[in-house]
Student: 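I have a structure I would like to understand better, so I am pasting it below and will then ask my questions one at a time.
These values consider heavy atoms only, across backbone and side chains, with no hydrogens, waters or symmetry-generated copies. We count ligands from 1, going down the list as the structure has it; atoms in each ligand are counted the same way.
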Amino acid sequence: MSRPLIIAIDGPSGAGKSTLGRMLARELGLLYIDTGSMYRAVALAVIESTISETDDVAVGSLARRIDIDLAGDPDSLRVTLNRRDVSERIRNDDVTHMSSIISTIPAVRRAMVERQRELGKRGAVLNGRDIGTVVFPDADVKFFLDAVPEERAERRLTEERETNPAATYDQTFADITERDRRDTTRADSPLMAAEEAIVIDSTGQPIEEVFQRILETPLVLQEENLKKCLDEMEGPLRSTVTHWRQMEAYRILMPEDSPAYLKELFCSNLRALLEILQT
Ligand code: DC
């Protein structure tokens, strides 16, 4: 039986996880789940309630009660909180700050992890802080995307300036450092790379370049699986080898500026190969 593909992308704020997650989900035809936006939705619910963020029990219970939904394709993901579209609102500073606080509460994490497993069970690219370690420890491919804090702050500042022209580098850098500290030191599922994660440092690299490296990685990983197929299966083996050869050819023949149809052919072969390898 073929099992759905799960790709985990973890890493600190501003490392480029969302951009890469979206690109990868689109390329592989998978659902994209940005788990950070779920914590942000909980944070907004707290802000709009009379509950204090220091009341772990009340915040945990609120997190279980509210309805959070992620809909739409990877490039236009909409987030709803109790059926209200909050996609833009959850990007504001107050929510960013609050989400960093409430995501340290174990009851909130339990509620979110449960939903994320349910959402992702049919296959997905998920990004967050604990996907490869806690949410889907048996994910097929795990990436840990990092970059030096100065560059992550620069990237965040560019985003922030779209809505707040007065944003400063010093403030953004201080915020990122504080969120890093909370993410990595919390007792429940702190941010860390899973043992088998592929660690990618995106410092000084255009996102497109990192994306190409990521896209190639599953192929490299599957070489091991291919060997297993060679030993174990006769039927699927033949088609696997066929697909593999085709893909190798495309990789060699496909220059950076390949036409879209060639890229599509490459990706449909990748999908077919993944399916065979997971049978
Ligand atoms: O990735 P982001 O900035 O949208 O995440 C918002 C907050 O949620 C951030 O402070 C870390 C937290 N978070 C988490 O604890 N675990 C996740 N899987 C995703 C996000």
Student: Would you say the side chain of L126 lies within less than 4.5 Å of the side chain of I6, judging by non-hydrogen atoms?
Tutor: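 A side-chain contact under 4.5 Å exists here.
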Student: Look at ligand 1 and say whether R182 reaches it with a heavy atom at a distance under 4.0 Å.
Tutor: no
Student: When you measure from atom 7 (C) of ligand 1 to every protein heavy atom, which one gives the shortest distance, and what is it?
Tutor: S99 OG, 3.4 Å
Student: Among protein heavy atoms, which lies nearest atom 12 (C) of ligand 1, and at what distance?
Tutor: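 Ranked first by proximity to atom 12 (C) of ligand 1 is S103 OG, 3.6 Å.
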Student: Atom NZ in K17, atom CZ in F144: separation rounded to 0.5 Å?
Tutor: 8.5 Å
Student: What protein heavy atom is closest to atom 15 (O) of ligand 1, reported as residue, atom name and distance in Å?
Tutor: R109 NH1, 2.8 Å
Student: Determine whether the side chains of S13 and R129 contain a donor N or O and an acceptor N or O closer than 3.5 Å.
Tutor: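 Looking only at side-chain atoms, R129 and S13 do form a donor-acceptor pair, the distance falling under 3.5 Å.
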Student: May I ask you to check whether R129 has an N/O atom sitting below 3.5 Å from an N/O atom of ligand 1?
Tutor: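 It does: an N or O of R129 is found under 3.5 Å from an N or O of ligand 1.
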Student: Pairing donors with acceptors under 3.5 angstrom, does anything connect the side chains of T35 and R40?
Tutor: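 The answer is no; no qualifying pair exists.
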Student: Between G128, G36, G14, S37, flag the one that comes closest to atom 5 (O) of ligand 1 by a heavy atom.
Tutor: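 Of the listed residues, G36 has the closest heavy atom.
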Student: When you compare ligand 1 with R186, is there at least one nitrogen or oxygen pair between them that comes in under 3.5 angstrom?
Tutor: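 Among all N and O atoms of R186, at least one is under 3.5 Å from an N or O of ligand 1.
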Student: In terms of side-chain geometry, is the basic nitrogen of D75 or R26 positioned less than 4.0 Å from the acidic oxygen of its partner?
Tutor: yes
Student: If the cut-off is 4.0 Å to any non-hydrogen atom of R179, which atoms of ligand 1 fall inside it?
Tutor: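 Under 4.0 Å from R179, ligand 1 has these atoms: 2 (P), 3 (O), 5 (O), 6 (C), 9 (C), 10 (O).
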Student: Under 3.5 Å, is there a donor-acceptor pair between the R182 and S100 side chains?
Tutor: yes
Student: Quick check: T96 and ligand 1, any N/O pair under 3.5 Å apart?
Tutor: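 There is no such contact.
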Student: With a 4.5 Å limit on heavy-atom distance, are the side chains of M23 and E208 in contact?
Tutor: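 In contact.
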Student: Could you work out, for atom 18 (N) of ligand 1, the closest of I102, D10, D130 by heavy-atom distance?
Tutor: D130
Student: May I ask you to check whether R40 has an N/O atom sitting below 3.5 Å from an N/O atom of ligand 1?
Tutor: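 Yes.
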Student: Does any non-hydrogen side-chain atom of D130 lie less than 4.5 Å from one of V113?
Tutor: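 The answer is yes; the side chains approach within 4.5 Å.
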Student: Which residue and non-hydrogen atom of the protein lie closest to atom 10 (O) of ligand 1, and at what distance in Å?
Tutor: S100 CA, 3.2 Å
Student: So which heavy atom in the protein is nearest atom 8 (O) of ligand 1, and how far is it from that ligand atom?
Tutor: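 Going atom by atom, the protein heavy atom closest to atom 8 (O) of ligand 1 ends up being Y39 CB, 3.5 Å.
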Student: Report the C-alpha separation of D69 and V79 in whole Å, then their side-chain angles, then the decisive distance to 0.1 Å, and conclude whether the side-chain contact (heavy atoms from CB on, under 4.5 Å) test is met.
Tutor: CA-CA 6 Å; D69 199 24; V79 184; over 6 Å; no
Student: Considering heavy atoms of the protein only, find what lies nearest to atom 19 (C) of ligand 1 and give residue, atom and distance to 0.1 Å.
Tutor: T35 OG1, 3.4 Å
